[in-house]
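Below is one structure; the comments refer to it alone.
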2 protein chains.
Amino acid sequence: MLRLSRLTDYAVVALVRLGRAEAVETSPGIAAAIGLPEPTVAKVLKALACSGLVVSQRGAHGGYRLSRPLHAISVAEVILAIDGPIALASCVDGAAGCESQSLCPVAGRWDPVNDAIREALTGITLADMEEAAVPRAFRLPAELSAATAGE
Amino acid sequence: MLRLSRLTDYAVVALVRLGRAEAVETSPGIAAAIGLPEPTVAKVLKALACSGLVVSQRGAHGGYRLSRPLHAISVAEVILAIDGPIALASCVDGAAGCESQSLCPVAGRWDPVNDAIREALTGITLADMEEAAVPRAFRLPAELSAATAGE
DNA sequence: TCAATCAGTACCGTTCTGGTCCACAATTGG
DNA sequence: CCAATTGTGGACCAGAACGGTACTGATTGA
Ligand code: FES
Ligand code: FES
């Protein structure tokens, strides 16, 4: 279905949330803010810290803080941090693909496709996603009706 | 890892292979040509036929044939046929996403990202993938012009 | 009629993901 | 110095998705 892992979705949500916080925020705090189970959020934050997208402060009164402003973090970076490298097929970046690469008519030809996606994802920052989260009325009517009905 | 299903990869390989055939080709034949187990290839072809990307000829001397030339089939179509619709997050196209959409700061904001990828994938045809698989000297002018984005 | 070939479905084993838990290290504050 | 707080790292398990296979039926052509 070409969908990215749900953890990546959580990561984006947590990061955007973190972008609004002024001080460090604890993982239970973030979990409560976005309405997700705490252990899962903690795991995501952990991976994010490992990739340098957030900085962590240990000890009492510790927590997490963005290392860069939202508009400097691309969606591709978040995906890379949680989901791993973007590799549509098994044979991108020179890795071994099909069983019989010699017979494969498209051997190594996924790279342009991969790059196209990677580029598209790099061009979108978290700030772009946050912008629309604030009340903005030029959204699609379907979304507005769905939001009201869903709640 | 944001990778598409392996079956989709097979589909592209089979379609490109089919693009070179002059007459109908049977699924065992294609399987042998690309070095993949026959039942799996048959399953892929089946799905492709269901989506109208290939036309099937039943009975003796039957087989599969492309319904459109390679340069008229986009990668996105193949993915749609095998992997299903491109939906990075659970909340694209107005579908319900997170448990608590009311708290989600990026509710419904995956759509632009999704569209960006969909567009990037629509802009690449199977002909773009084929031209690089054969020796450079065999490229046709039409393929070269269509492949400007890829190389 | 008979053989070739696609169509549809159903099934199983493997792998990956999502989610939870626990023991440990680091920092703060009394 | 001790205790409370908070992140770190890893292991662990259940569930779903995926890949692969097998079988039976329908359709065509010789
Ligand atoms: S080698 Fe990459 S698809 Fe065949
Ligand atoms: S509702 Fe789509 S990510 Fe939260």
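In the text below, chain A, chain B and the rest are named by the order of the sequence lines, each starting its count at 1.
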Of all heavy-atom pairs between Thr122(A) and Ala76(A), which one has the smallest distance, and what is that distance?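 For Thr122(A) and Ala76(A), the tightest heavy-atom pair comes out as OG1-CB, 3.6 Å.
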
Separation of atom [atom1] in [X] from atom [atom2] in [N], rounded to whole Å:
X: Ile82(B); N: dG20(D); atom1: CD1; atom2: P; result: 13 Å
X: Lys43(A); N: dC13(D); atom1: NZ; atom2: C1'; result: 11 Å
X: Arg3(A); N: dC16(C); atom1: CZ; atom2: C1'; result: 11 Å
X: Leu4(A); N: dT17(C); atom1: CG; atom2: C1'; result: 13 Å
X: Leu36(B); N: dG19(D); atom1: CG; atom2: P; result: 12 Å
X: Glu38(B); N: dC6(C); atom1: CD; atom2: C1'; result: 14 Å

- prompt: Do the side-chain N or O atoms of Tyr64(B) get closer than 4.0 angstrom to the phosphate oxygens (OP1, OP2) of dA7(C)?
  reply: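 Answer is yes, contact under 4.0 Å.
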
| request: May I ask you to evaluate whether Ser27(B) reaches the phosphate of dC6(C), defined as a side-chain N or O under 4.0 Å from OP1 or OP2? | output: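 It does, given that an N or O in the side chain of Ser27(B) lies less than 4.0 Å from OP1 or OP2 of dC6(C).
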
message: Under 4.0 Å, counting only non-hydrogen atoms across every strand here, what does Leu45(B) touch: a base, just sugar-phosphate, or nothing?
response: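 The answer is nothing, as Leu45(B) stays clear of every strand by at least 4.0 Å.
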
Give each protein N/O atom lying under 3.5 Å from an N/O atom of nucleotides 12-14 of chain C, with the pair distance.
none

In terms of side-chain heavy atoms of [X], which of [options] is nearest?
X: Thr40(B); options: dG20(D), dG19(C), dT17(C); value: dG20(D)
X: Arg6(A); options: dG19(C), dC6(C), dT8(D); value: dG19(C)
X: Leu7(A); options: dG18(C), dG7(D), dT21(D); value: dG18(C)

Worksheet item: Where along residues 72-81 of chain A does a heavy atom come under 4.0 Å from DNA chain D, residue by residue in number order?
Response: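 Heavy-atom contacts with DNA chain D come from no residue of residues 72-81 of chain A; none.
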
Looking at five pairs on each end of the helix from dT1(C)-dA30(D) to dG30(C)-dC1(D), what is the angle between the two axes, given to 10 degrees?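 The end-segment axes of the helix from dT1(C)-dA30(D) to dG30(C)-dC1(D) are tilted 20° relative to each other.
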
Report the residue (Pro37(A) or Glu25(B)) whose heavy-atom-nearest nucleotide on DNA chain C is the more 5′ of the two.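 It is Glu25(B) whose nearest nucleotide is closer to the 5' end.
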
If you look only at distance, which donor and acceptor atoms sit under 3.5 Å apart when one is on a side chain in residues 50-69 of chain A and the other is two or more places apart or in another chain?
residue  : atom : partner  : partner atom : Å
Ser51(A) : OG   : Ala47(A) : O            : 3.4
Ser67(A) : OG   : Gly52(A) : O            : 2.8
Ser67(A) : OG   : Leu53(A) : O            : 2.9

**Study point:** Test side-chain hydrogen bond (donor to acceptor under 3.5 Å, both in side chains) applied to Arg17(B) - qualifying residues, sequence neighbours left out
**Key:**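 Listed in chain order: Glu25(B).
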
Letter by letter from the 5' end, nucleotides 23-30 of chain D scores (B base, S sugar-phosphate only, - none; protein heavy atoms under 4.0 Å) ---BBBS-

Checking Asn114(A) side chain against Ala89(A) main chain: does a donor-acceptor pair fall under 3.5 Å?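 No, Asn114(A) side chain to Ala89(A) backbone: no donor-acceptor pair under 3.5 Å.
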
Nearest-nucleotide comparison on DNA chain D, the residue closer to the 5′ end among Ala42(A) and Ser5(B):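 In this pair, the answer is Ala42(A).
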
Practice task
To the nearest 0.5 Å, tell me how far Leu2(B) CG sits from Leu88(A) CG.
Solution key: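 It comes to 6.0 Å.
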
